[in-house]
Amino acid sequence: MKTHLTQLLTTAAKIIAPEITDLTIILERPKSAEHGDFATNLALVLAKPLKQNPRAIATQIIEALPVSEYIAKTEIAGAGFINFFLSPQSKQVVIKDILNAGAQYGRNNNGNHQKVQVEFVSANPTGPLHVGHGRGAAVGDCLARLLDANGWDVTREFYYNDAGAQIDNLTISVLARCKGISTEHESFPENGYRGEYINDIAAAFLAKHTVVADDIEVTASGDINDLNSIRAFSVAYLRHEQDLDLKAFQIKFDVFSLESALYTTGKVEQTVQALIKSGHTYEDNDALWLKTTDFGDDKDRVMRKTDGGYTYFVPDVAYHTDKWNRGFVRVINEQGADHHSTITRVRAGLQALDIGIPKGWPDYVLHQMVTVMRGGEEVKLSKRAGSYVTLRDLIEEVGCDATRYFLAARRADSQLVFDIDLARSQSNDNPVYYIQYAHARICSVLSQWGGDISSLANANLNPLVTAHETALMQRLSEYPEVVDNAATELAPHMVANYLKELASDLHSYYNEYKFLIEDESLKLARLSLISATQQVLKNGLDLLGVAAKERM
RNA sequence: GCCCCCGUAGCUCAGUGGAUAGAGCAUCCCCCUCCUAAGGGGAGGGUCACACGUUCGAUUCGUGUCGGGGGCACCA
């Protein structure tokens, strides 16, 4: 419909202003229904070059518009806006589109089956997942679903930093617990992890348990002098715990990548050699530096430390080189905002390699901190202090659907306050129930009607003319744009907001009219409309990974 | 000091180069003999942090100031 109007306006513009060639027609959906279904500021834009009054130009544009069966009325408003009022028939079309397309409605092929990777969560295996990881999980998974709906070939990936200093820290923390040293004791590692789960790992290690995580199986030796065994067991134990966290959150990854594997396969070393060869490195003070300042960084960065070890961004560059070599034309890294400083470095390293990687590759979506409130006070998240709100606690307390919705429904780049008491004690206020309730109500009506739902696609829709109905149809027709925009903006919260509005339209409609009525023609028309609404609610909830419940 | 994000109703948050800036919660009023009241309708509540600039038009874009958060290691 938008394309149709754009064409009409382009035709009209050529007639009244043939000399202007690079004109972009802007059509928007006015906020208020009084201003029609679409509005354009074309006359205002043309006012300056044509040196005429915008309202006069608007009149000329309307006269020059080709006739269209979909336009019921046009009017000039305000400073010179042209408002279009569509005919009821043109709005009803969307119902048939939806009922015929079903789960496909709203999907498009913008991605053209190109390979995109979404890397998210990527928590260190040093503790259970907490709320911040939950935000990354919810946002990342929704991004993946959105890209899929836009025709991309999506891979979900989780990267484990299982090779750095924090793993040594984990190992000595577990060792200390194996020796029975309390977290308060002075001989407990100063920066050690003090969470209760460290004690659990120590106990399991001493009991020679076997743990299975994604692709590994490790049996503890139970020997506290065997640091390698403690290390391997602890990592496997925590990876297993994180697997359970993700399972509880109903998130599945296609690929788990290990930092340690980048060393064992020689990819880190290859990357270092390639960087040296590129001429962007130099030795200084017994360390190897990368001239990241050549690529916009404010200072150069150490690659190889004096002690011979690599800094963390070297395996990061190796990892992203590997991603590139695996054929991902697009990579989106969903991370906490505290990773901000790595972006420039990783991109600089990839540019230095000069292997054809585009400048802005990879993309980043950074989510801001989650503040957790309990009892009116902020709960400090500290793995080391052991004060903790785990993702699994949260899911158990407020439910998977509500947690996912809550964490994905806000813009990633604004800070989020998660009030546990509110989420738990007043969980009915959570908007996710409002949306699910709209879906359940429709299911209930359709089930009481008892007719053949597939026949609704053939219903005569002409009776649908009330304000509530046109508003609902209008909303339904916006869904494909929402799917498109949310993916373009990498902003899943746009879907959540849309669904809230759609549910609101449905609830208003539901309260205003009865559906199961005597008038057969009107009944079928209305049932078609709510059936289409049900489909769109379901499609949208699916993008968020939230269940479309049939009963509440 | 430098870099990034944010500042919108009492609270939590949407939103937009354009017409009267929205929702939920909270407060107040109304609506089930009727398809799920986990709902609907209405009222009150705003200097869109502040200033200057760009523009026909700025809450939206730019610059600066002030506030909040996060980064600025030979940690990850």
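Just so we're on the same page: letters track the sequence lines, and every chain starts at 1.
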B:G57: pairing nucleotide in any strand, Watson-Crick or G-U under 3.5 angstrom: none
Separation of the P atoms in B:G39 and B:A21, to the nearest angstrom: 27 Å
Which part of the nucleic acid, if any, lies within reach of A:Ala409 when heavy atoms closer than 4.0 Å are counted: base, sugar-phosphate only, or nothing? nothing
Rounded to whole Å, the CG-P distance (A:Asn511 to B:G39) equals 10 Å
My understanding is that only residues two or more places apart in sequence, or in another chain, count here; which of them pass side-chain contact (heavy atoms from CB on, under 4.5 Å) with A:Leu416? A:Arg135, A:Val370, A:Phe406, A:Leu407, A:Arg410
State which of B:C35, B:A38, B:A19 makes the closest approach to the side chain of A:Leu516. B:C35
For A:Glu550, which residues count as a salt bridge (Lys or Arg N to Asp or Glu O under 4.0 Å) partner, sequence neighbours excluded? none
Tell me which donor-acceptor pairs under 3.5 Å the side chains of residues 281-290 of chain A have, and how far apart each pair is, sequence neighbours excluded?
{"residue": "A:Tyr282", "atom": "OH", "partner": "A:Asp300", "partner atom": "OD2", "Å": "2.8"}
{"residue": "A:Glu283", "atom": "OE2", "partner": "A:Arg304", "partner atom": "NH2", "Å": "3.3"}
{"residue": "A:Trp289", "atom": "NE1", "partner": "A:Asp284", "partner atom": "O", "Å": "3.3"}

Between B:U59 and B:C52, how far is it from one C1' atom to the other, in whole Å? 16 Å
Which residues pass the side-chain contact (heavy atoms from CB on, under 4.5 Å) test with A:Ala438, not counting sequence neighbours? A:Ala503, A:Leu506, A:His507, A:Leu537
Which residues satisfy the side-chain contact (heavy atoms from CB on, under 4.5 Å) test with A:Ser122, sequence neighbours excluded? A:Glu119, A:Tyr159
Rounded to whole angstrom, note down the P distance from B:C4 over to B:C48. 26 Å
Mind checking if A:Tyr510 touches a base, just sugar-phosphate, or nothing, with heavy atoms under 4.0 Å? base
Nucleotide nearest A:Ala165 (side chain, heavy atoms from C-beta), chosen from B:C75, B:C13, B:G40: B:C75
Counting side-chain heavy atoms from C-beta on, which of B:G15, B:A19, B:C35 comes nearest to A:Arg411? B:G15
Is it the case that B:A38 (base atoms only) and A:Tyr433 (side chain only) share a donor and an acceptor within less than 3.5 Å, ignoring hydrogens and angles? no
Heavy atoms only, 4.0 Å cut-off, all strands: where does A:Leu416 land among base, sugar-phosphate and nothing? sugar-phosphate
Could you check whether the rings of A:Tyr513 and A:His468 sit parallel, tilted or perpendicular, using 30° and 60° as the cut-offs? perpendicular
Using the benzene-type ring in the case of Trp, are the ring centres of A:Phe295 and A:His280 under 6.0 Å apart? yes
N/O-N/O pairs, protein side and nucleotides 20-24 of chain B side, under 3.5 Å:
{"residue": "B:U20", "atom": "O4", "partner": "A:Glu34", "partner atom": "OE1", "Å": "3.4"}
{"residue": "B:U20", "atom": "O4", "partner": "A:Glu34", "partner atom": "OE2", "Å": "3.2"}

For atom P, what is the distance between B:G10 and B:G45, given to the nearest Å? 11 Å
When rounded to the nearest Å, what value does the distance between C1' atoms of B:G17 and B:A23 take? 23 Å
Looking only at side-chain N and O atoms, does A:Tyr319 offer a donor or acceptor that is under 3.5 Å from a partner on A:Glu157? yes
For A:Asp297, report the nucleic acid contact type (base, sugar-phosphate, nothing); a contact means any heavy atom under 4.0 Å. nothing
5′-ward residue of the pair A:Phe313/A:Tyr509 relative to RNA chain B: A:Tyr509
Just compare B:C2, B:A19, B:A76 and give me whichever is closest to any side-chain atom of A:Asn161. B:A76
Whole-angstrom distance between B:A37 and B:C31, as gauged at atom P: 16 Å
Glycosidic class, syn or anti, of B:C32 using a 90° window around 0: syn
Could you check whether any side-chain N or O of A:Gln436 sits under 3.5 Å from a backbone N or O of A:Ala547, counting only pairs where one atom can act as donor and the other as acceptor? yes
Sequence neighbours excluded, which residues qualify as salt bridge (Lys or Arg N to Asp or Glu O under 4.0 Å) partners of A:Asp294? none
Across the strands shown, which category fits A:Ala440 at heavy-atom distances under 4.0 angstrom: base, sugar-phosphate, nothing? base
Select base, sugar-phosphate, or nothing to describe what A:Thr306 touches, counting heavy atoms under 4.0 Å on all strands. base
Scan A:Asp286 against the nucleic acid and name what it touches under 4.0 Å (heavy atoms): base, sugar-phosphate only, or nothing. nothing
Would you measure the distance from the C1' atom in B:A49 across to the matching atom in B:A38 and give it in whole Å? 37 Å
Atom pairs under 3.5 Å, N or O on each side, protein against nucleotides 66-70 of chain B: can you list them with distances?
{"residue": "B:G68", "atom": "N2", "partner": "A:Gln415", "partner atom": "OE1", "Å": "2.8"}

Considering only atom C1', compute the distance from B:C13 to B:C56 and round it to an integer number of Å. 33 Å
Nearest-Å distance for atom pair CZ/P, residues A:Phe515 and B:C34: 17 Å
Give A:Ala287 one of three labels, base, sugar-phosphate or nothing, depending on what nucleic acid heavy atoms sit under 4.0 Å from its own. base
Contacts of A:Lys305 that satisfy side-chain contact (heavy atoms from CB on, under 4.5 Å) - sequence neighbours left out: A:Val302, A:Asp307, A:Thr311
